[in-house]
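One structure below.
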Amino acid sequence: MTMTIVGYDPETGQLGGAVATKNPAVGSRVLRGLGEVGMVGFSSVETQRRRGLAMLQLGFPAPVVLEALIKVSNGSGQYSLIDRFGGSAAHSEPSLSDWAGSRAGKHYATSANTMVGPEVVQALGDTFEETEGLGMPLEERLLRCLEAAQATGGDKRGRQAAAIQIHWKRIDANPNLDVRVDDGANPIPKLRAAIKNYRQIFPEYSDRTWPDLTGTGGYRIMYPQNW
């Protein structure tokens, strides 16, 4: 019962996701990611989120991962995935809710359910496409996606929580950014303010750069075509 988008920035190699809903603490249970691996946004069980990220870590591209997840769940749930090269895939269970749907495009995947209508997913996807190549930080692009989707009406039950997560261009246990508004009447503007505050207090996290890595970091790769 969320509106979710995951995306890839080809300029920085970063991966990220954003989500908003009329439920508390949505950031704790929808977004999962890892730098140099991929990003998943699921309205499903934690087992599926872990499976999706594990398959991406083995080198499987997003469409292959999605196909496997659909089979193991008999098509239930809602999934948005992006792999380490920006390949995307998305799926919504047809009977999930009224309204529910998904969309995958260049460098992004988005899904939503319990929404006012298809214009929510359209706004998420259109905004990500329109901000491609403009030099904006990935978090700003994702924020604009949430704001555009909310402007259409968003979750038909109302609003309560929102979150953004960004991962480095490298395998790292800690995300570059992980900010949440867990309970509030207008969470998306609060999320924007919280991110601004975070970046001002910890500017070194925004400016940090990492050396280019080679190899797989010791991970076994079962789908070498994607490495």
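Positions are given from 1, in the same order as the sequence printed here. All values below were derived from every heavy atom in this structure, side-chain atoms included, with hydrogens, water molecules and symmetry-related copies excluded.
- Contact record, Glu36 with Leu15: N-CD1, 4.1 Å, taken as the closest heavy-atom pair.
- No donor-acceptor pair closer than 3.5 Å links the side chain of Arg159 to the backbone N or O of Asp155.
- Sequence neighbours left out, the pairs with a member in residues 8-19 that pass side-chain hydrogen bond (donor to acceptor under 3.5 Å, both in side chains) are Asp9-Thr12.
- Ser92 and Tyr79 share no donor-acceptor pair across their side chains, judged by distance under 3.5 Å alone.
- At least one side-chain heavy atom of Arg157 sits under 4.5 Å from a side-chain heavy atom of Thr21.
- Considering CG of Asp178 and OH of Tyr198, their distance stands at 8.5 Å, rounded to 0.5 Å.
- Between Val64 and Pro61 the shortest side-chain heavy-atom distance falls below 4.5 Å.
- Between Gly101 and Gln78, the closest heavy-atom pair is O-NE2, 3.5 Å.
- Between the side chain of Thr110 and the backbone N or O of Thr4 there is at least one donor-acceptor pair closer than 3.5 Å.
- Under the 4.5 Å side-chain criterion, counting only non-hydrogen atoms from C-beta, Thr127 is not in contact with Gln122.
- Nearest heavy-atom pair across Glu46 and Arg49 is OE1-NE, 2.8 Å.
- Hydrophobic clustering, with ILVMFWY side chains joined whenever heavy atoms are under 4.5 angstrom apart, groups Ile201 together with Ile164.
- For the residue pair Glu132 and Tyr108, no side-chain donor N or O sits within less than 3.5 Å of a side-chain acceptor on the partner.
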Tabulate below the donor-acceptor pairs under 3.5 Å that side-chain atoms of residues 187-194 make, not counting sequence neighbours, or state none.
from, atom 1, to, atom 2, distance (Å)
Arg192, NE, Glu147, OE2, 2.7
Arg192, NH1, Glu140, OE1, 3.0
Arg192, NH2, Glu140, OE2, 3.1
Arg192, NH2, Glu147, OE1, 3.3
Arg192, NH2, Glu147, OE2, 3.2

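- Side-chain contact check for Leu142 versus Ile5: some heavy-atom pair is nearer than 4.5 Å.
- For Ser111, the side chain to side chain donor-acceptor pair (under 3.5 Å) partners are Ser80, Ser102, not counting sequence neighbours.
- Residues Trp168 and Met136 do not share a hydrophobic cluster, clusters being chains of Ile/Leu/Val/Met/Phe/Trp/Tyr side chains in contact below 4.5 Å.
- Summarising the geometry of Pro175 relative to Gln165, their closest heavy-atom pair is CB-CG, 4.1 Å, with the distance given to 0.1 Å.
- Here the NE2 atom belonging to His167 is positioned 9.5 Å from the CZ atom belonging to Arg32, to the nearest 0.5 angstrom.
- Here the closest non-hydrogen pair linking Gln48 and Ser73 is NE2-CB, 3.4 Å.
- Nearest heavy atom pair, residue Gly16 against residue Met39, reads O-CG, 3.5 Å.
- Remark: Arg141 is positioned above the aromatic ring of Phe128, its terminal NZ or CZ atom under 6.0 angstrom from the ring centre and at most 45 degrees off the axis.
- In this structure, CD1 in Ile82 is found 5.0 Å from OG in Ser88, a value given to the nearest 0.5 Å.
- Remark: Asp183 pairs with Gln160 by the side chain to side chain contact (heavy atoms under 4.5 Å, CB included) rule, at least two apart or across chains.
- In this structure, the side chains of Val19 and Met3 stay at 4.5 Å or more apart for every pair of heavy atoms.
- Note: Leu124 CG to Leu146 CG = 6.5 Å, rounded to the nearest 0.5 Å.
- One finds the CD atom of Glu93 at 11.0 Å from the CD1 atom of Ile70 (value rounded to the nearest 0.5 Å).
- Residues Glu129 and His107 are not in side-chain contact: their nearest non-hydrogen atoms beyond the backbone lie 4.5 Å or more apart.
- Contact check for Leu81 versus Phe42: side-chain heavy atoms found under the 4.5 Å cut-off.
- For the salt bridge (charged side-chain N to carboxylate O under 4.0 Å, His left out) condition, the pairs that include at least one residue of residues 59-78, sequence neighbours left out, are Glu67-Lys71.
- Judged as a side chain to side chain donor-acceptor pair (under 3.5 Å), and not counting sequence neighbours, Asp182 has no contacts.
- Under the 4.5 Å side-chain heavy-atom criterion for grouping Ile, Leu, Val, Met, Phe, Trp and Tyr, Val65 is not connected to Val72 through any hydrophobic cluster.
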